[in-house]
*Asks:* 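Take this structure, written in structure tokens, and hold onto it; I'll ask about it next.
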2 protein chains.
Amino acid sequence: MSLTGQAARALIELRARIFTGRLRAGDRLAEIPLAEALGMSRTPIRLALSALQAEGLAVPAPGGGFAVRAFTVREVDDAVALRGQLEGMAARLVAEHGVSRGLARRLHEALDQGDAALARGVLDEEALDAYSGMNTALHAAIAEAAGNEPLRRAIAAVEALPFASASALVPSPRSAPQRHRLLTFAHQQHHLLVEALEAGQGMRAEALAREHADNARRNLRLILDSGEAEGLAALIAFKDPVA
Amino acid sequence: MSLTGQAARALIELRARIFTGRLRAGDRLAEIPLAEALGMSRTPIRLALSALQAEGLAVPAPGGGFAVRAFTVREVDDAVALRGQLEGMAARLVAEHGVSRGLARRLHEALDQGDAALARGVLDEEALDAYSGMNTALHAAIAEAAGNEPLRRAIAAVEALPFASASALVPSPRSAPQRHRLLTFAHQQHHLLVEALEAGQGMRAEALAREHADNARRNLRLILDSGEAEGLAALIAFKDPVA
DNA sequence: CTTGGTTATGCTGCATGCAATGGTGGGTCC
DNA sequence: GGACCCACCATTGCATGCAGCATAACCAAG
């Protein structure tokens, strides 16, 4: 990314349309309609499409041009497992390097916010947003504190994939009580992870981070198996993959 | 990548010029000179530059355009550590899933080729090429056999970075005997890794893959400290990083 | 001699024109 | 009636023109 001007607008808009399902998996990304729809020329569209391919959201179509990539359930699952391995490395590095004073404050603020969001027993829209923001902040803090820039980039890349993000599965679970249970468990893992980080237990921190991601994988399977696929249908190829 | 026609040529040519040092770290990637040099218009150049940025070889320059990215020693070291973590995951998955008959043959072929290349005691140009090819094949076989496509992509991405590739450090060490020693040790690690894979020892395989990458990191430090930086000077910012 | 303003120049980023290629629909032949 | 072939059309990919802008050089004033 990091494009400027019109091309950046195009990229953001295209991402949004793919994530919201307005552009569905397999849809051809024709330049002229997109250019008209976004009120710009074909040139920035082409740049945005190329960037979209680099992000993995588009694939080259036969005969030129691009199409919205279809993700298989398997690929999403694999991407989350990969995220676990990457975040595990980040956690290990943080534990090995030691938790700075500033980082400790960020981590505990996040934990407190999570506790507060979950304290009421049910998650209204507001509490859910709070938890989601806390979750993003916590994971980002660890990824940054690892002090490994290629690692940070790799985590960002996998986070850009649909449903592979750390907070992607938050809003989905079917019933409010179940959702509360799942998030409560996940947040207990957050507590343990921070504990391991501060104790300098690198191996344990890495294992916990992986387990945390595996937990997300289980939740993903739960959602898919329960047929609650709403927005996912736009992106996931349940039959045969395009890419 | 995966661009077609002129843009693909441009991308390949630009990568080559960066890796060979013809384009040095920090050099501005001006469109017009590049278009003239490559005998094409500015349009495919721009696409190639954008792709180059996605690969991490170029960074946006202040005031528009791009420049060749300057890597710090730290970043290269971090990238190799990241590769170790990723290849560790791949090795663990292969061990957990079991080694197929075809994979076992590929692995042992590679091991035999490596043994043969190292058998003569000194590495002439030919033996070095043979070892390098074997090394690439072995690592690629494991990455593919892991059966995790996002992981494979992540490994490919880090391999695209200069000096982070598994076989990047092969040709560099100063003296032929030392080079032979380093490669012999690395290849012993290959043997142990394959042994762990076939025994289904996932944890051991992962640890060995990481150690193998850490070995590459030590070799890298060795080369840098011994001042034998030839081609590296073009890419590594020894003073202050641009990116 | 230094410093501030101004101008000129090169570059980027976007729009549009044009050729080539692939796909589609219709027409014709078997 | 079906299948094959041809022509037309849409779309991509590349080239080029143009405006905006940042940088840099130059001149003038203090």
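The structure presented is a predicted model; accordingly, all values stated were derived computationally and were not measured. Labels below follow one simple rule: chain letters A, B, ... track the order of the sequence lines, proteins then strands, and each chain is numbered from 1.
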*Asks:* Between S41(B) and dA15(D), does any side-chain N or O lie under 4.0 Å from OP1 or OP2?
*Replies:*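 Yes, such a contact exists.
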
*Asks:* Please state how far atom CG in L47(A) lies from atom P in dG13(D), giving the value in whole angstrom units.
*Replies:*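 Interatomic distance, CG of L47(A) to P of dG13(D): 13 Å.
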
*Asks:* From CZ of R42(B) over to C1' of dG13(C), roughly how many Å is that when rounded to an integer?
*Replies:*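 In whole Å, dG13(C) C1' lies 8 Å from R42(B) CZ.
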
*Asks:* Starting from C1' on dT16(C), measure out to CD1 on I32(A) and report it in whole angstrom.
*Replies:*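 For the pair I32(A) CD1 and dT16(C) C1', the rounded distance is 12 Å.
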
*Asks:* When you check the phosphate oxygens OP1 and OP2 of dT12(D), does a side-chain N or O of R46(A) lie under 4.0 Å from one of them?
*Replies:*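 So the side-chain polar atoms of R46(A) never come under 4.0 Å of the phosphate oxygens OP1 or OP2 of dT12(D).
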
*Asks:* How long is the line joining CD1 of I45(A) and P of dA15(C), in whole Å?
*Replies:*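 Going from I45(A) (CD1) to dA15(C) (P), I get 9 Å.
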
*Asks:* Calculate the interatomic distance between L38(B) atom CG and dA15(D) atom P; express it in whole Å.
*Replies:*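 Spelled out: CG on L38(B) to P on dA15(D) is 11 Å.
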
*Asks:* Given atom CD of Q6(A) and atom C1' of dT16(C), what is their separation to the nearest angstrom?
*Replies:*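 Answer to the nearest Å: 15 Å.
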
*Asks:* Tell me whether R69(B) contacts the main-chain N or O of P60(B) through its side chain, where contact means a donor paired with an acceptor under 3.5 Å.
*Replies:*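 No, R69(B) side chain to P60(B) backbone: no donor-acceptor pair under 3.5 Å.
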
*Asks:* When the nearest nucleotide of DNA chain C is assigned to E31(B) and to T43(B) on a heavy-atom basis, which residue is associated with the more 5' position?
*Replies:*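 Mapping each residue to its closest nucleotide by heavy atoms, the 5'-most match is E31(B).
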
*Asks:* Whole angstrom is fine here: how far is it from CD in E36(B) over to P in dC11(C)?
*Replies:*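 Rounding to the nearest Å, CD of E36(B) and P of dC11(C) are 9 Å apart.
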
*Asks:* Salt bridge check: are R218(B) and D214(B) linked by an N-O gap of less than 4.0 Å?
*Replies:*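 No, this pair does not count.
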
*Asks:* Taking the nucleotide of DNA chain C with the closest heavy atom to each, which residue, P62(A) or M40(A), is nearer the 5' end?
*Replies:*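 In this pair, the answer is M40(A).
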
*Asks:* Looking at D129(B) and E126(B), would you say the former's side chain and the latter's main chain have a donor-acceptor pair under 3.5 Å?
*Replies:*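 It does not hold such a pair.
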
*Asks:* What is the distance, rounded to the nearest whole Å, between atom CG of L49(A) and atom C1' of dG13(D)?
*Replies:*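 Going from CG in L49(A) over to C1' in dG13(D) covers 13 Å.
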
*Asks:* Could you please spell out the steps behind the side-chain hydrogen bond (donor to acceptor under 3.5 Å, both in side chains) verdict for E87(B) and H212(B)?
*Replies:* CA-CA 10 Å; E87(B) 294 187 333; H212(B) 189 51; over 6 Å; no

